[in-house]
Each structure stands twice: as C-alpha cells, then as structure tokens.
Student: 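Sharing a structure, written as structure tokens. Questions coming.
Not measured: the values here are computed from a predicted model. Residues take their numbers from the sequence shown, with the count starting at 1.
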Amino acid sequence: MEFRSAVDDFLRFCAVERQLSENTLQAYACDLADLRRWLPRAVLVSDISTDTLKGYLEQIVGERKLAGASIRRRFACFRGLFGRLSEQGHATDPFAGWRLKLPRRKRLPRALSRDEISFLLLKLRRVTDSDVLLRVAVRLMVSTGVRVGELCKLRVEDISPDGASLRVHGKGSRDRVAYVADTTFRAELRRLVETRQGAAGRSAPLFVNRQGVKLKPQSIRTKLRRAAAEAGLARRITPHMLRHTAATLLIETGVDIRIVQRLLGHSSIATTEIYTHVSDEALRASLEKANVLGGLV
C-alpha cells in the first residue's frame, strides 16, 4: 500500500469514525504531508521502519529546530496512522517497542489581568448593534472558559430557556454543561437566543455573520484583536487567553479545581493543575498586603 493512499484512508477514518475536529484534521493533514515530502517518492507503508521515522525525527530536530510540542503532536498523528495500518495488516507498527521521549517545557497559561479584562469589557459595552455578537462571545468565553471552536458550534437549542446554562460540544465528542452565573448576562444571552430563534429556528447557529452564515473561529479572533487594540491593550489578545483568564480567575477566587476541570472540559485533572500557579497579580497583591519591610522598621 502506498503511503499517499494510506494517508487518505486515515484522514477519512479520523473524520468519519473518530469525528475529530476540523482543526485537528487540518493539522494531521499538514503533518502527514510533511512526512510524505521527506520520504522517497511512491514509498510503501511496509517499507517505513522505526529507523525511518528516527531519521525524520533527527531532521526536524537537528536541521529544522521544530519545537517539542510540535514534534509530539506530529508523532502522535504518525502513531495513530501506523496503529491503524498495523490493525489492517498493511504494515508493522514502527512504534512497537519505541516510545518517543522529548522534554516537556512547562508553560504558564497567558491570562489577562483584571485591569485588562475590565478595559476590554468596558470597550465592548459601548459597541454598536452590529458588534453585539462579539460582546456576547467575549463575555461567554470569560465566564465559562469555552473554547472559540466550541463557541462557534453553539446552536440556539444549546442554550437553556433562562440563559443560565448551555450545552457545549467539546473536543473528542465529549459534551458538557457550562453555567452562566451573572443575571444581567443571562438576560443578554436570552435576547440573542430569541432573536436567532425568530430568524432561523431552534437548530440555527447562535453566532452568525451578516450573511447569516455560522461564524468561524478566525472571525472571532480578528474581531477580538481589533477590539482589544481599540481598548488600548498593548498585548495581542486571543480567544484562548480568555479561556485561560476564566480558569485563573476561578482558581484565584477559591473555586475547587475539580469544578474548574469539569467547566473547561479537561479529561485529566493534570491539565487543569497548571492554573493552580499563583498569578503575578495575586502574588503582588499578597506581598503588598504582607509588606515585610514595613513591619521591620
């Protein structure tokens, strides 16, 4: 079986049977295309061995200097491909007996400070009717930690009649329920739901563009970046930073980490534990309150 045919079959399998997200499918397609360019033309999958993949690894580490996170994602894709080929009897699994070990850089999540998020929300409070969707989207991401891809998948029927909860269609086909605590925001969410339901029905997307087409994550990113700049924020703000901000604020206010894990849709508590770091703002406030030197003189 040629590698190209194996890739096409694997991507169809991921889309139909595993129902992976569009972003994941695009990433897998790019990763496999890169490996295919490196391999000899018309190579058979049965000819690809552990040594072959180790040679590719040496090239992307030594010559191209790819980041560890990118390499781990790329090889997770390859592991899935060859695991399927092995099950089908088309090739021997080159990962059998080989476990890739790369150092993991522990990065702190990039969250907005309380001042930054306040400036942004204040700016969005003054937006015109045409930008009201962005205001709702930002407040929803900050209050629930929903991912931008999950936000764009929301439909009218996913919001409860009182606006107090929403069903989120998460990664890996895992649904979860998120809750809206702020009563003022609940009312704004209800108004949006009523407008969209009246225009297109219960099964319609909640967030749409001016043509009535479901908003894409990139549209939210672009609108958010523009609004942040207009609010005077120096940093480049992304939707994922709003998710980090939601988690950090919840942890700082004493919400149990397992509740935060459930709200964010993390399959492992280890993923959520990164938010237990003491943020710079909380650290500074605690030290100012303690004022060690002030108590010595």
Student: To check you understand the geometry: which heavy-atom pair defines the closest contact between Gly149 and Pro217, and what is its length?
Tutor: CA-CG, 4.2 Å
Student: Are Val7 and Leu44 connected in a single hydrophobic cluster, I mean Ile/Leu/Val/Met/Phe/Trp/Tyr linked by side-chain heavy atoms less than 4.5 Å apart?
Tutor: no
Student: Name the atoms and distances for all side-chain donor-acceptor pairs under 3.5 Å in residues 193-207, with sequence neighbours left out.
Tutor:
from: Thr195; atom 1: OG1; to: Arg191; atom 2: O; distance (Å): 2.9
from: Arg196; atom 1: NE; to: Pro205; atom 2: O; distance (Å): 3.0
from: Arg196; atom 1: NH2; to: Pro205; atom 2: O; distance (Å): 3.1

Student: Once salt bridge (charged side-chain N to carboxylate O under 4.0 Å, His left out) is applied, what residue pairs with a partner in residues 23-39 remain, sequence neighbours excluded?
Tutor: Asp31-Arg73, Asp31-Arg74, Asp34-Arg37, Asp34-Arg64, Asp34-Arg74
Student: Considering residues at least two apart in sequence or located in another chain, which fulfil the salt bridge (Lys or Arg N to Asp or Glu O under 4.0 Å) criterion with Arg147?
Tutor: Glu150
Student: Which atom names give the shortest non-hydrogen contact between Leu224 and Pro239, and what distance separates them?
Tutor: CD2-N, 3.5 Å
Student: Do Leu124 and Arg139 have side-chain heavy atoms sitting under 4.5 Å apart?
Tutor: no
Student: Please tell me if the side chains of Thr253 and Leu249 come closer than 4.5 Å, counting only heavy atoms from C-beta onward.
Tutor: no
Student: Calculate, to the nearest 0.5 Å, the distance between atoms CG and CG belonging to Asp9 and Leu81 respectively.
Tutor: 9.0 Å
Student: Give a yes or no on whether the backbone of Leu263 and the side-chain of Arg176 come within a donor-acceptor separation of less than 3.5 Å.
Tutor: yes
Student: Considering residues at least two apart in sequence or located in another chain, which fulfil the salt bridge (Lys or Arg N to Asp or Glu O under 4.0 Å) criterion with Arg12?
Tutor: none
Student: Rounded to the nearest 0.5 Å, how far does NZ of Lys153 lie from CG of Asp158?
Tutor: 11.0 Å
Student: Please indicate whether Arg235 has more than 12 foreign heavy atoms, meaning atoms of other residues, nucleotides or ligands, lying under 6.0 Å from its CZ.
Tutor: yes
Student: Flag yes if Phe185 and Val146 sit in one hydrophobic cluster, no otherwise; membership is Ile, Leu, Val, Met, Phe, Trp, Tyr, and two members link when side-chain heavy atoms are under 4.5 Å apart.
Tutor: yes
Student: Which residues satisfy the side-chain hydrogen bond (donor to acceptor under 3.5 Å, both in side chains) test with Glu230, sequence neighbours excluded?
Tutor: Lys123
Student: Share the residues that join Tyr179 in a hydrophobic cluster, the rule being Ile, Leu, Val, Met, Phe, Trp or Tyr side chains under 4.5 Å apart at the heavy-atom level.
Tutor: Val177
Student: Report the C-alpha distance between Leu133 and Lys223 in whole Å, list the side-chain angles of each, state the deciding distance to 0.1 Å, and finish with yes or no for side chain to side chain contact (heavy atoms under 4.5 Å, CB included).
Tutor: CA-CA 10 Å; Leu133 284 181; Lys223 290 176 180 291; over 6 Å; no
Student: Before giving the answer on side chain to side chain contact (heavy atoms under 4.5 Å, CB included), spell out for Val168 and Thr144 the whole-Å C-alpha distance, their side-chain angles and the decisive distance to 0.1 Å.
Tutor: CA-CA 10 Å; Val168 181; Thr144 67; over 6 Å; no
Student: Nearest heavy-atom pair of Asp175 and Gly170: which atoms, and what distance?
Tutor: OD1-N, 4.2 Å
Student: Identify the two heavy atoms, one from Leu85 and one from Ala6, that lie closest to each other, and give their separation to 0.1 Å.
Tutor: CD2-CB, 3.9 Å
Student: Hey, what do you get for CG (Leu66) to CG (Leu57), rounding to the nearest 0.5 Å?
Tutor: 10.0 Å
Student: Between atom CG of Leu215 and atom CG of Leu151, what is the distance when rounded to the nearest 0.5 Å?
Tutor: 8.5 Å
Student: Can you tell me how far the CZ atom of Phe10 sits from the OH atom of Tyr28, to the nearest 0.5 Å?
Tutor: 6.0 Å
Student: Side chains of Thr248 and Thr245: do they bring a donor and an acceptor to under 3.5 Å?
Tutor: no
Student: Check whether any side-chain heavy atom of Trp38 sits under 4.5 Å from a side-chain heavy atom of Ile60, and report yes or no.
Tutor: no
Student: Stepwise, does the salt bridge (Lys or Arg N to Asp or Glu O under 4.0 Å) test hold for Lys216 with Glu22?
Tutor: CA-CA 11 Å; Lys216 294 183 178 180; Glu22 183 179 340; over 6 Å; no
Student: Atom CE in Met241, atom CZ in Arg110: separation rounded to 0.5 Å?
Tutor: 4.5 Å
Student: Identify whether NZ of Lys or CZ of Arg in Arg79 sits under 6.0 Å from the centre of the six-membered ring of Phe95 and within 45° of that ring's axis.
Tutor: yes
Student: Taking all non-hydrogen atoms of both residues into account, name the closest pair between Ser113 and Glu116 and its distance.
Tutor: N-OE1, 2.9 Å
Student: Do you reckon Val208 sits in the same ILVMFWY cluster as Val156, going by side-chain contacts under 4.5 Å, direct or chained?
Tutor: no
Student: Taking the side chain as every heavy atom from C-beta outward, state whether Ile220 and Cys152 have any pair of such atoms under 4.5 Å apart.
Tutor: yes
Student: Counting only heavy atoms from other residues, nucleotides and ligands, does the tally under 6.0 Å from CZ of Arg167 exceed 12?
Tutor: no
Student: Give the intermediate values and the outcome of side chain to side chain contact (heavy atoms under 4.5 Å, CB included) for residues Phe78 and Leu32.
Tutor: CA-CA 7 Å; Phe78 300 163; Leu32 292 166; 3.8 Å; yes
Student: Same cluster or not: Val138 versus Phe119, using hydrophobic residues (I, L, V, M, F, W, Y) connected whenever any side-chain heavy atoms lie under 4.5 Å apart?
Tutor: yes
Student: Looking only at heavy atoms, which two atoms of Val180 and Gly163 are closest? And how far apart?
Tutor: CB-O, 3.6 Å
Student: Compare all side-chain heavy atoms of Leu192 with those of Ile159 and state whether any distance is below 4.5 angstrom.
Tutor: no
Student: Kindly indicate whether the side chain of Leu53, heavy atoms from C-beta on, has any atom under 4.5 Å from the side chain of Leu100.
Tutor: no
Student: Would you check if Thr24 and Cys14 make a side-chain contact, meaning some heavy-atom pair closer than 4.5 Å?
Tutor: no
Student: For a 4.5 angstrom cut-off between non-hydrogen side-chain atoms, does Asn23 reach Gln26?
Tutor: yes
Student: Between Thr52 and Ser49, is there a donor-acceptor pair closer than 3.5 Å when you use the side chain of the first and the backbone of the second?
Tutor: yes
Student: Classify the side-chain pair Asp162/Ser160 by whether it contains a donor and acceptor separated by less than 3.5 Å.
Tutor: yes
